[in-house]
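In what follows, a single structure is set out as structure tokens and then discussed.
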Amino acid sequence: MENKATNRTIIIAEAGVNHNGRIELAKNLVDAAVDAGADFVKFQTFKAESIVTKSARTAEYQQKNSNAQNQYDMLKKLELSYDDHYVLMDYCRERGIQFFSTGFDLESLRFLKKLGLTMFKIPSGEVTNFPYLREIALFKPEKVILSTGMCNMSEIEEAVKCLESFGLPKQKMTVLHCNTEYPTPVNDVNLNAMLAIGKALNVPIGYSDHTAGITIPTAAVALGAVVIEKHFTLSRDLEGPDHKASLEPQELKVMIRAIRDVELAMGDGIKKASPSEAKNKAIARKSIVAAKSIKSGETFTEDNITTKRPGTGVSAMNWPQVIGKMAARDYEPDDLIDG
């Protein structure tokens with residue numbers, strides 16, 4: 001997994017459960033992520049009976065976007081089978097994109113480890129789940145991404161300490177700022193909290209976005225996010241809990257292009273003339289020129305010289321040194337004053 005050291009933000013296209021439990025739809029999502037230029041396409045791995053009681057109510061946004069009466073019924077229809085995972089991994093390999101998935105229960109985590117995953121994502125809802133955190137840390141993964149929706153700083157710090165206590169070094173963690181509302185109101189984003197997380201924990205930071213559109217994740221990259229995660233769907237008109245807060249394929253492509261442009265635009269931080277603008281110095285800057293006819297031997301004064309383009313002569317910044325000197329030759333108006 002690359003990071004800011006290579007000046008490249010990792011972009012995770014979050015397919016999540018937007019496949020609606022259908023493998024062909026899931027493969028179409030892989031195609032869309034590839035076409036958009038994402039680094040990873042991420043799904044969700046869970047057994048409904050392992051993560052929710054049968055009476056657990058749905059969130060308000062889930063009620064709006066799904067006909068399910070409770071979380072269990074909703075999630076049961078959105079499961080990917082273990083066989084589906086093998087199919088999707090092979091398909092991702094064939095299409096040249098990295099497969100990724102979030103496990104939501106211990107059995108699913110162990111299955112993902114069996115699949116060979118060396119990077120694990122801790123979703124926002126599991127930040128306060130001690131057995132879950134312990135399980136991931138004991139895997140000794142190469143990388144852990146921790147989402148922090150609904151968290152305050154003390155909960156994030158406690159989760160990080162828990163992971164560390166079971167042998168996961170902090171340098172293997174990337175912490176994502178997140179807001180767990182779908183879609184997130186812009187006034188609730190609080191991107192400065194992402195910076196606060198990085199400062200408090202001294203870890204790489206990123207952003208898991210649930211706002212509508214692409215403005216906020218693009219801004220997060222400019223602020224230093226090394227990972228961006230964004231939900232996408234084939235169509236926001238599909239039934240399901242997350243479609244309405246997801247980008248459609250063309251929008252995902254535009255977001256990724258914008259992020260790559262921001263990366264290029266950030267540069268090395270050294271203020272200097274760029275190769276593209278250096279040629280314009282002579283055109284845009286000014287030289288010292290004669291404001292009127294000047295005879296040889298006359299003194300240059302505030303009245304008989306001025307500054308005009310082009311900047312091919314004596315720089316206008318040398319004005320104090322030129323004033324009071326004697327002209328060594330005759331000058332006509334607009335002639336460049338000799339150095």
Side-chain angles (χ1 to χ4, degrees), residues 1-3 8-46 78 80 84-85 87-104 112 115 117 119-124 143 145-147 149 174 176-180 182-184 206-221 225-236 238 240-263:
M1 181 176 177
E2 295 177 272
N3 57 33
R8 182 178 172 84
T9 306
I10 294 300
I11 299 175
I12 301 172
E14 171 69 74
V17 294
N18 283 343
H19 49 74
N20 287 0
R22 294 156 45 196
I23 187 64
E24 287 307 315
L25 193 57
K27 291 169 78 171
N28 290 339
L29 286 163
V30 171
D31 292 335
V34 170
D35 184 58
D39 298 296
F40 291 81
V41 58
K42 188 171 80 66
F43 296 91
Q44 295 179 5
T45 305
F46 57 85
L78 300 174
L80 288 173
D84 288 338
H85 283 72
V87 170
L88 286 174
M89 282 193 73
D90 287 343
Y91 192 65
C92 285
R93 194 176 298 113
E94 177 186 324
R95 292 304 324 274
I97 193 170
Q98 297 186 73
F99 171 88
F100 193 28
S101 189
T102 300
F104 283 81
L112 291 174
L115 282 181
L117 266 64
M119 182 170 74
F120 286 84
K121 167 74 188 296
I122 299 171
S124 296
K143 193 75 179 175
I145 299 174
L146 174 67
S147 260
T174 299
L176 308 188
H177 176 49
C178 178
N179 181 294
T180 311
Y182 300 77
T184 300
Y207 178 58
S208 179
D209 184 55
H210 299 132
T211 63
I214 71 169
T215 303
I216 308 304
T218 307
V221 172
V226 301
V227 174
I228 291 293
E229 179 181 83
K230 182 74 172 179
H231 283 261
F232 76 107
T233 178
L234 297 180
S235 170
R236 279 191 289 273
L238 290 169
D242 295 342
H243 294 288
K244 290 290 188 291
S246 300
L247 295 181
E248 292 185 343
Q250 187 59 31
E251 295 168 321
L252 180 65
K253 182 183 291 189
V254 171
M255 183 196 79
I256 293 174
R257 187 183 305 124
I259 287 172
R260 299 304 179 215
D261 284 346
V262 166
E263 289 170 345

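Ring geometry for Tyr182 versus His210: interplanar angle of 30 to 60°, hence tilted.
Put simply, CD1 on Ile259 and CZ on Arg8 are 10.5 Å apart, with the number rounded to the nearest 0.5 Å. Lys244 NZ to Leu238 CG: the interatomic distance, rounded to the nearest 0.5 Å, is 8.0 Å. For the atom pair OG1 of Thr233 and NE2 of His19, the computed distance is 11.0 Å after rounding to the nearest 0.5 Å. Interatomic distance, Leu115 CG to Phe100 CZ, rounded to the nearest 0.5 Å: 12.5 Å. Rounded to the nearest 0.5 Å, atoms CG (Leu252) and CG (Leu247) are 6.0 Å apart. Residue Ile11 holds its CD1 atom at 4.5 Å from CD1 of Ile256, rounded to the nearest 0.5 Å.
In this structure, Val30 and Val41 approach most closely via the heavy-atom pair CG2-CG1, 4.2 Å. Nearest heavy atoms, Tyr207 versus Leu176: N-CD2, 3.8 Å. Thr174 and Gly206 get closest at one heavy-atom pair: CG2-N, 4.4 Å. Taking every heavy atom of both residues into account, Ile228 and Ala225 meet most closely at CD1-CB, 4.0 Å. Heavy-atom minimum distance, Ser124 versus Gly149: OG-N, 2.7 Å. Contact detail for Ala26 and Leu88: the closest heavy-atom pair is CB-CD2, 3.8 Å.
Although no hydrogens or angles enter the test, the distance criterion places a donor-acceptor pair under 3.5 Å between the side chain of Ser101 and the main chain of Phe43. Put simply, the side chain of Lys253 never gets that close to the backbone of Glu248: no donor and acceptor are under 3.5 Å apart. Side-chain atoms of Arg260 come within 3.5 Å of backbone N or O of Thr9 as a donor-acceptor pair. When atom types are taken as modelled, the side chain of Asn18 and the backbone of Phe232 share a donor-acceptor pair closer than 3.5 angstrom. Between the side chain of Lys230 and the backbone N or O of Thr211 there is at least one donor-acceptor pair closer than 3.5 Å. A donor-acceptor pair is defined here as one N or O able to donate and one able to accept, closer than 3.5 Å; no such pair exists between the side chain of Thr218 and the backbone of Ala258.
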Q. Step by step, would you call Leu29 with Leu234 a side-chain contact (heavy atoms from CB on, under 4.5 Å)?
A. CA-CA 7 Å; Leu29 286 163; Leu234 297 180; 3.8 Å; yes
Q | side-chain contact (heavy atoms from CB on, under 4.5 Å) between Asn20 and His243, worked out | A | CA-CA 10 Å; Asn20 287 0; His243 294 288; 2.9 Å; yes
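Looking at heavy atoms from C-beta onward, Val17 lies in side-chain contact with Phe46 at the 4.5 angstrom threshold. With a 4.5 Å cut-off on side-chain heavy atoms, Arg257 and Val254 count as touching. A 4.5 Å side-chain heavy-atom check between Thr45 and Leu80 finds every atom pair outside the cut-off. The side-chain heavy atoms of Phe99 and Leu117, taken from C-beta on, include a pair separated by under 4.5 Å.
With Thr102 as reference, Lys42 is the one residue of Lys121, Lys42, Glu229, Glu14 to meet the side-chain hydrogen bond (donor to acceptor under 3.5 Å, both in side chains) rule.
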